[in-house]
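All remarks here apply to the structure that follows.
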Amino acid sequence: MTDSKYFTTTKKGLINTTHLNDAQKLIIHFVTNDISSCASCSALFPDVVNCMQTDNLELKKLVYLYLMNYAKSQPDMAIMAVNTFVKDCEDPNPLIRALAVRTMGCIRVDKITEYLCEPLRKCLKDEDPYVRKTAAVCVAKLHDINAQLVEDQGFLDTLKDLISDSNPMVVANAVAALSEIAESHPNSNLLDLNPQTINKLLTALNECTEWGQIFILDCLANYTPRDDRESQSICERVTPRLSHANSAVVLSAVKVLMKFMEMLPKDLDYYGTLLKKLAPPLVTLLSAEPELQYVALRNINLIVQRRPEILKHEMKVFFVKYNDPIYVKLEKLDIMIRLASQANIAQVLAELKEYATEVDVDFVRKAVRAIGRCAIKVEQSAERCVSTLLDLIQTKVNYVVQEAIVVIKDIFRKYPNKYESVIATLCENLDSLDEPEARAAMIWIVGEYAERIDNADELLESFLEGFHDESTQVQLQLLTAIVKLFLKKPTETQELVQQVLSLATQDSDNPDLRDRGYIYWRLLSTDPVAAKEVVLAEKPLISEETDLIEPTLLEELICHIGTLASVYHKPPSAFVEGSRGVQHKRLPGSAGSGESVESPDVASAPGVSEAPPAVIPSQGDLLGDLLNLDLTPPTTTGPPPPSSGMQMGAMDLLGGGLDSLMGGGFGAAPAAMPASFTAPVSGGLDDLFDLGGGVGMPMGAYSPPKTVWLPAMKAKGLEISGTFARRSGVVQMEMTLTNKAMSVMTDFAIQFNRNSFGLAPAGPLQVLTPLSPNQSIEVTLPLNTVGPVMKMEPLNNLQVAVKNNIDVFYFSCQYPISMLFAEDGKMERQVFLATWKDIPNENESQFQIKDCHLNSDAASNKLQGSNIFTIAKRTVEGQDMLYQSMKLSNGIWLLAELRVQAGNPNYTLKQCLPALLYLYLK
């Protein structure tokens with residue numbers, strides 16, 4: 001080859017640069033084409049840089065491509081190219097100016113970014129739109145390298161100004177750059193969208209390229225219109241994008257319309273028109289190649305779950321074609337079931353029955369399952385579906401029969417005592433069942449309807465012969481079925497039930513099977529009536545759609561139509577690793593979006609409940625508060641509330657003063673005191689006084705002993721015991737986490753619901769090592785009081801969500817009110833005296849504390865350890881009277897008078913806020 005002369009090695013360099021431009025182009029063309037495999041290409045750096053100063057555009061492009069790949073490996077030598085870059089940014093040719101600024105943005109070398117600022121500033125204001133749009137993207141690249149530099153140089157403001165540019169492509173690239181920066185910095189509020197900006201974007205939408213349209217549409221999807229009129233106006237201007245040839249543009253337009261439709265009244269004429277306009281473009285997407293069809297079908301699956309009326313008349317387009325790939329067939333099948341209704345069920349069933357005769361085994365199985373799902377979803381079609389399944393069973397095709405039996409079991413659960421006439425047909429095929437799921441389904445049917453099957457004991461006994469060879473699923477089902485049979489026919493099956501219980505408890509190594517066997521054995525041996533009530537209890541009907549995506553997740557996925565999230569059916573946070581700016585999006589005007597919903601106050605009996613808190617019920621509003629967050633480590637935002645000394649009667653954090661906190665007027669006469677207030681309190685101040693411990697015990701804030709907050713049986717093996725303590729002025733939640741499950745637990749996180757005093761975690765839950773089975777770990781969680789506030793019942797109730805790799809669990813506990821007593825709670829004597837005198841007699845309340853064997857000085861010292869300060873002491877007729885003050889973390893003061901008589905173990909306590917003090921006592 002004659003080209004070898006261009007690669008002659010000399011002492012000065014590796015490339016002979018004295019040849020003509022054609023030779024230089026050829027050399028660099030070879031280098032850039034072999035960039036991934038040429039080990040010595042980086043050694044050519046100085047010689048390639050010398051080729052930069054050329055007027056030949058093609059050669060310059062090749063040199064710039066080389067620099068982008070090798071500048072990072074030769075950062076010191078890359079500086080040599082800076083002068084040429086700066087010079088090229090002022091070249092008369094706009095293509096060279098754009099090429100220079102683009103290449104500088106792609107070279108991720110800190111030393112070069114310093115020299116990029118001035119050329120970039122000029123290019124952002126260049127007269128040529130091609131240069132401006134290239135510079136806009138360069139700002140995003142530079143921000144990724146050095147965000148602070150971009151902010152200091154004012155490039156972000158210039159980028160915002162480009163949204164008003166006259167060229168639509170410049171607008172699109174500016175929006176794309178700002179969107180990318182905003183994603184990595186979600187709190188920056190770069191895209192401050194308003195009606196004026198939206199109007200500019202919609203104007204540019206009609207004239208820019210297809211990728212520019214996608215950038216603008218994605219930006220529009222992040223905007224929330226002010227009202228339905230603005231929403232309709234935007235929809236009208238976006239609708240023409242539905243007819244675009246590019247499927248990505250169509251899906252982005254669908255995303256915008258799906259979001260803004262949430263704000264349109266359903267009785268509006270335009271709403272119906274929009275529904276009709278959305279169907280044709282979605283159908284057209286299914287005429288593309290299989291890969292695009294699959295992406296379209298995954299997005300349509302989400303759309304159909306949210307708004308099935310869009311495609312309710314388009315069932316035929318989802319019918320499977322003979323040459324469709326299996327992944328397209330399965331997705332079409334799923335959508336067919338979601339669109340199935342009483343109007344089209346006959347058509348759907350005929351199609352599904354045809355699919356069940358195909359040669360693709362996996363597809364046939366799905367088709368049979370689909371028939372069962374149709375029966376469960378459309379009740380009027382259930383009989384026809386059962387008839388179709390019986391026809392398929394008659395084909396005697398093994399895998400068809402087995403799938404049909406599994407499906408019929410679900411139909412029995414949905415419609416009990418309705419289609420049992422088919423059991424005889426099912427029993428005829430008992431010997432052909434060899435798949436665990438089908439065998440388990442048949443066993444369930446026999447056990448559930450044992451009283452209607454004459455030879456039920458013989459059928460189950462035939463399964464029992466190979467008990468140890470069966471899968472766990474079949475063993476568990478067989479155990480339950482035989483126990484059901486025994487409870488229905490006790491005299492005939494006593495030997496059979498003893499045999500299966502012995503096999504399950506003595507001969508099996510499976511803990512689940514053994515435990516269930518022991519439970520049944522003890523139930524039957526101790527209380528057969530209770531066993532019958534438990535085992536033969538009426539079962540809840542199965543849901544008609546068990547595979548629907550959870551509504552909150554569906555809302556988020558609708559906001560990500562046209563992205564990977566809509567294909568995976570997972571939120572971006574589930575598969576984007578290390579992303580700083582993955583935001584959880586919600587549709588406007590729907591539950592779970594916007595502002596969180598306040599939990600309604602639950603009316604309760606007078607007084608404060610002394611019962612231990614139950615596990616939190618699954619109320620929608622509570623789940624909204626706890627699950628609307630991703631349970632990532634909480635962050636503290638904003639300064640803490642000022643702890644200025646609030647006098648009695650001042651406004652508290654709940655916004656209604658102490659009267660709203662107490663539930664009645666502060667100055668009014670108190671209602672009849674409940675018995676729990678007037679009766680002597682046992683175990684009240686006992687804890688703070690530490691009875692039995694004596695005066696010689698160490699002083700300090702009292703911390704109650706740990707109690708079980710979350711039992712393992714309610715948290716899939718996770719047990720949480722805990723207490724609260726105040727140490728060095730910080731409230732702490734001290735917990736013991738115990739793993740009583742069989743699997744390792746990781747990824748712990750914690751979140752509090754809103755509560756009376758704004759308690760919130762001050763940092764993440766620090767469980768640094770995986771929690772192995774039967775292992776316990778001590779965890780201390782510091783708390784602050786700057787969280788959201790909501791009145792709880794009782795006031796010191798705290799609702800908690802704990803997450804790990806298994807699930808999210810909920811519990812509630814009550815914290816001692818003394819944990820919130822601040823260290824600066826000692827009131828000045830004069831202020832105390834004036835405040836005490838101003839308290840009306842009707843706002844005072846007295847309590848008896850029994851069996852407290854401490855003198856007044858010892859009691860005062862012990863209470864001071866819990867930030868209950870003695871302001872003054874006086875003795876009247878042999879009684880020591882201690883006047884005390886406390887201050888809660890929200891600035892509310894409590895005043896008290898404690899009377900102690902020598903030799904008398906009973907104290908008298910007088911206080912002006914009975915409800916708060918009662919909590920503090922308990």
Side-chain angles (χ1 to χ4, degrees), residues 68 71 75 78-79 81-91 94-201 203-204 208 212 215-216 218-220 222-223 579-581 583 637:
M68 281 190 282
I79 299 294
V82 168
N83 288 335
T84 307
F85 280 133
V86 174
K87 180 181 176 183
D88 285 352
C89 285
E90 298 179 357
D91 194 276
L95 292 178
I96 292 180
R97 296 202 298 273
L99 183 62
V101 75
R102 178 193 293 130
T103 308
M104 288 184 77
C106 292
I107 297 177
R108 303 179 65 85
V109 177
D110 291 336
K111 295 180 180 179
I112 287 186
T113 55
E114 301 171 8
Y115 301 97
L116 174 61
C117 295
E118 203 54 43
L120 179 58
R121 183 176 288 105
K122 292 180 181 178
C123 289
L124 283 169
K125 299 179 180 178
D126 197 280
E127 60 183 12
D128 192 282
Y130 181 76
V131 180
R132 295 200 301 275
K133 82 179 185 63
T134 306
V137 177
C138 186
V139 173
K141 293 179 180 178
L142 183 59
H143 188 276
D144 189 45
I145 301 170
N146 192 335
Q148 191 60 47
L149 179 66
V150 171
E151 294 172 12
D152 294 343
Q153 294 289 334
F155 290 143
L156 295 180
D157 294 331
T158 309
L159 209 53
K160 293 178 186 177
D161 294 338
L162 289 182
I163 293 180
S164 305
D165 197 277
S166 57
N167 186 281
M169 272 313 301
V170 176
V171 175
N173 279 21
V175 168
L178 285 170
S179 299
E180 186 172 332
I181 295 171
E183 283 181 5
S184 60
H185 295 75
N187 298 322
S188 58
N189 196 27
L190 289 175
L191 276 168
D192 186 16
L193 299 177
N194 52 57
Q196 293 74 27
T197 306
I198 294 298
N199 186 53
K200 294 173 184 175
L201 296 181
T203 303
C208 56
F215 293 144
I216 292 176
D218 287 347
C219 180
L220 289 173
N222 294 324
Y223 176 63
S579 176
R580 294 170 292 172
Q583 293 176 281
T637 57

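Only a predicted model underlies this, so the values are computations on that prediction, with no experimental measurement involved.
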Qualifying residues under side-chain hydrogen bond (donor to acceptor under 3.5 Å, both in side chains), relative to [X], sequence neighbours excluded:
{"X": "Glu151", "value": "none"}
{"X": "Lys200", "value": "Ser164"}
{"X": "Asn199", "value": "Arg237"}
{"X": "Lys125", "value": "none"}

Legend entry - Side-chain touch Cys219/Leu193, heavy atoms, less than 4.5 angstrom: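 A side-chain contact exists here, since the closest heavy-atom pair is under 4.5 Å.
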
Legend entry - Taking every non-hydrogen atom, the tightest pair across Cys138 and Val101: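 Where Cys138 meets Val101 most closely, the heavy atoms are SG-O, 3.4 Å.
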
Inset, instruction - Might you point out which heavy atoms bring Gly105 and Ile145 nearest each other, and give the distance in Å? - result: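 Shortest heavy-atom separation between Gly105 and Ile145 comes out as O-CD1, 4.0 Å.
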
Inset, instruction - Kindly say whether Leu116 contributes a backbone atom to a donor-acceptor pair with the side chain of Arg121 at under 3.5 angstrom? - result: no

Inset, instruction - Output every pair passing salt bridge (Lys or Arg N to Asp or Glu O under 4.0 Å) with a member in residues 165-181, not counting sequence neighbours, ordered by first then second residue. - result: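 Counting only pairs at least two positions apart or across chains, the salt bridge (Lys or Arg N to Asp or Glu O under 4.0 Å) contacts touching residues 165-181 are Arg132-Asp165.
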
Inset, instruction - Among residues two or more places apart or on two chains, list those pairs meeting ring-ring contact (aromatic ring centres under 6.0 Å, His included) that have a residue in residues 134-177. - result: His143-His185

Legend entry - Full working for side chain to side chain contact (heavy atoms under 4.5 Å, CB included) between Asp218 and Ser179: CA-CA 9 Å; Asp218 287 347; Ser179 299; over 6 Å; no

Inset, instruction - Tell me, please, which residues at least two apart from Asn194 pass side-chain contact (heavy atoms from CB on, under 4.5 Å). - result: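 Partners of Asn194 by the side-chain contact (heavy atoms from CB on, under 4.5 Å) criterion, ordered by chain and then number, come out as Gln196, Thr197.
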
Inset, instruction - Tell me, please, which residues at least two apart from Lys122 pass salt bridge (charged side-chain N to carboxylate O under 4.0 Å, His left out). - result: Glu90

Legend entry - Listed once per pair and sorted, the side-chain hydrogen bond (donor to acceptor under 3.5 Å, both in side chains) pairs that draw on residues 95-104, sequence neighbours left out: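 Found Arg97-Asp126, Arg102-Tyr130.
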
